[in-house]
Amino acid sequence: MAGALALATPSTAAAAGPAYDPGGLEQQLFSMTNQDRNNAGLSSLVSNSSLFNIARGAPHQVCGGGQTFHGRAQDMGERGYFAHGIPPCNASFADIARSSVAMQAWGENIAWNTGGGASAANSSFMNSSGHRANIMGDYNTMGVGAWPVSGTWQGHSNVVIYVVLFAKVSGV
């Protein structure tokens, strides 16, 4: 199994206000990611509903102990961390996805910003070699999660956390 992870440098922009449409942000980032691939002569990635669910908020159990956590973006927002490893056991999204997605390879990009929207997250990804490598990687499906955090998160207001999950699966 191959895996690739990348972290985005946090980006700040003028606050766009507290009302965000997670589904709209997810679709924007999904489209921008495919546009970047197409501009590089690569095929578009297919939407994977399981990856979308894991990226945003689908409940799952990881790390044993029977504790249920939400999807990647929501979990980071609710528990106040920003990392590829899921606390407390440092599991990856692949550990969650294995039961629903037969992945041959996988990658994860994560970012957060304060009011910068999906375009700012995409710019951060494309300006980072690790993120860009995932976007241009040998994958055929993806899922995107966006989670607007309520209140203050790590000392910041109006935060949206973005998660893009990439996978190569057979039959696509």
Side-chain angles (χ1 to χ4, degrees), residues 1-8 21-79 81-112 118 121-122 124-126 128-149 160-172:
M1 162 161 306
L5 304 174
L7 288 170
D21 170 21
L25 293 171
E26 291 162 358
Q27 288 305 311
Q28 288 172 12
L29 190 50
F30 180 85
S31 295
M32 286 185 267
T33 301
N34 274 328
Q35 182 177 7
D36 291 333
R37 286 180 60 86
N38 295 157
N39 289 344
L42 300 171
S43 61
S44 293
L45 300 174
V46 175
S47 173
N48 183 301
S49 61
S50 292
L51 294 180
F52 263 90
N53 287 334
I54 294 166
R56 186 202 286 178
H60 63 274
Q61 291 186 350
V62 68
C63 302
Q67 187 172 5
T68 300
F69 301 107
H70 289 110
R72 297 289 295 127
Q74 184 177 351
D75 186 44
M76 284 188 266
E78 289 177 344
R79 295 201 292 145
Y81 71 96
F82 184 72
H84 292 288
I86 302 166
C89 66
N90 207 31
S92 72
F93 99 82
D95 297 319
I96 301 167
R98 284 190 182 106
S99 65
S100 59
V101 182
M103 299 180 297
Q104 299 162 347
W106 58 272
E108 176 182 61
N109 285 353
I110 62 175
W112 67 270
N122 186 64
S124 292
F125 290 152
M126 289 302 290
S128 159
S129 61
H131 290 94
R132 186 179 182 88
N134 278 344
I135 291 169
M136 302 300 166
D138 186 22
Y139 304 113
N140 54 16
T141 66
M142 83 168 145
V144 180
W147 187 258
V149 178
V160 178
I161 298 171
Y162 295 91
V163 175
V164 183
L165 304 179
F166 302 93
K168 183 173 185 176
V169 299
S170 43
V172 174

Minimum heavy-atom separation for [X] to [Y], with atom names?
X    : Y    : result
S100 : I54  : OG-CD1, 4.2 Å
E108 : N134 : O-ND2, 3.4 Å
G130 : N109 : O-OD1, 4.5 Å
P22  : P148 : CG-CD, 3.7 Å
C63  : P88  : SG-CD, 3.8 Å
L165 : L51  : CD1-O, 3.5 Å

**Request:** Can you sort out the partners of D36 under salt bridge (charged side-chain N to carboxylate O under 4.0 Å, His left out), two or more places apart, ordered by chain and number?
**Result:**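 If we apply the salt bridge (charged side-chain N to carboxylate O under 4.0 Å, His left out) test to D36, skipping adjacent residues, there are no hits.
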**Request:** Mind checking salt bridge (charged side-chain N to carboxylate O under 4.0 Å, His left out) for R132 and listing every partner two or more places apart, or none if nothing turns up?
**Result:**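 Not a single residue meets the salt bridge (charged side-chain N to carboxylate O under 4.0 Å, His left out) criterion with R132.
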Partners passing side-chain hydrogen bond (donor to acceptor under 3.5 Å, both in side chains) against [X] (at least two apart in sequence or in another chain):
X    : answer
H70  : Q74, E78
Q35  : none
S31  : none
S129 : none

**Request:** Determine, step by step, whether I161 and R72 satisfy the side-chain contact (heavy atoms from CB on, under 4.5 Å) criterion, reporting the C-alpha distance in whole Å, the side-chain angles of both residues, the deciding distance to 0.1 Å, and the verdict.
**Result:** CA-CA 9 Å; I161 298 171; R72 297 289 295 127; over 6 Å; no
By the salt bridge (Lys or Arg N to Asp or Glu O under 4.0 Å) test, which pairs, at least two apart or in different chains, include something from [range]?
range          : answer
residues 86-97 : D95-R98
residues 47-57 : E26-R56
residues 42-55 : none

**Request:** With the side chain counted from C-beta on, respond yes when V144 and Q28 share a heavy-atom pair under 4.5 Å apart, and no when they do not.
**Result:**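 No, their side chains stay 4.5 Å or more apart.
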**Request:** Evaluate the side-chain proximity of L29 to M142: yes if any heavy-atom separation is below 4.5 Å, no if none is.
**Result:**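 M142 does not reach L29 side chain to side chain.
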**Asked** Does any N or O in the side chain of R79 come within less than 3.5 Å of the main-chain N or O of P87, such that one atom is a donor and the other an acceptor?
**Response**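 Yes, the answer is positive, given that a donor and an acceptor are paired below the 3.5 Å cut-off.
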**Asked** Which pairs with one or both residues in residues 39-52 pass side chain to side chain donor-acceptor pair (under 3.5 Å), sequence neighbours excluded?
**Response**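 As it turns out, the side chain to side chain donor-acceptor pair (under 3.5 Å) pairs with a partner in residues 39-52, which skip direct neighbours, are N38-S44.
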**Item:** Pairs where residues 161-172 contributes a residue and the test side chain to side chain donor-acceptor pair (under 3.5 Å) is met, not counting sequence neighbours
**Value:**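 Pairs touching residues 161-172 that pass the test: D138-K168.
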**Asked** For the side chain to side chain contact (heavy atoms under 4.5 Å, CB included) test, which of L42, V172, L45 pairs with Y139?
**Response**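 Of L42, V172, L45, side chain to side chain contact (heavy atoms under 4.5 Å, CB included) with Y139 is met by L45 alone.
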**Message:** Parallel, tilted or perpendicular, judged at 30° and 60°: which one describes the rings of H60 and F69?
**Reply:**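 Correct class here is tilted.
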**Message:** Please evaluate residues V149 and W112 with respect to the criterion side-chain contact (heavy atoms from CB on, under 4.5 Å), reporting the C-alpha separation (whole Å), side-chain torsions for both, the decisive distance (0.1 Å), and the verdict.
**Reply:** CA-CA 10 Å; V149 178; W112 67 270; over 6 Å; no
**Message:** Taking ring-ring contact (aromatic ring centres under 6.0 Å, His included) as the definition, give me every residue that meets it alongside F30, ordered by chain and number, with sequence neighbours left out.
**Reply:**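 For F30 the ring-ring contact (aromatic ring centres under 6.0 Å, His included) partners, ignoring immediate neighbours, are F52.
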**Request:** In sequence, state the C-alpha distance, the side-chain angles, and the governing distance for I86 and Y81, and then conclude on side-chain contact (heavy atoms from CB on, under 4.5 Å).
**Result:** CA-CA 9 Å; I86 302 166; Y81 71 96; 4.0 Å; yes
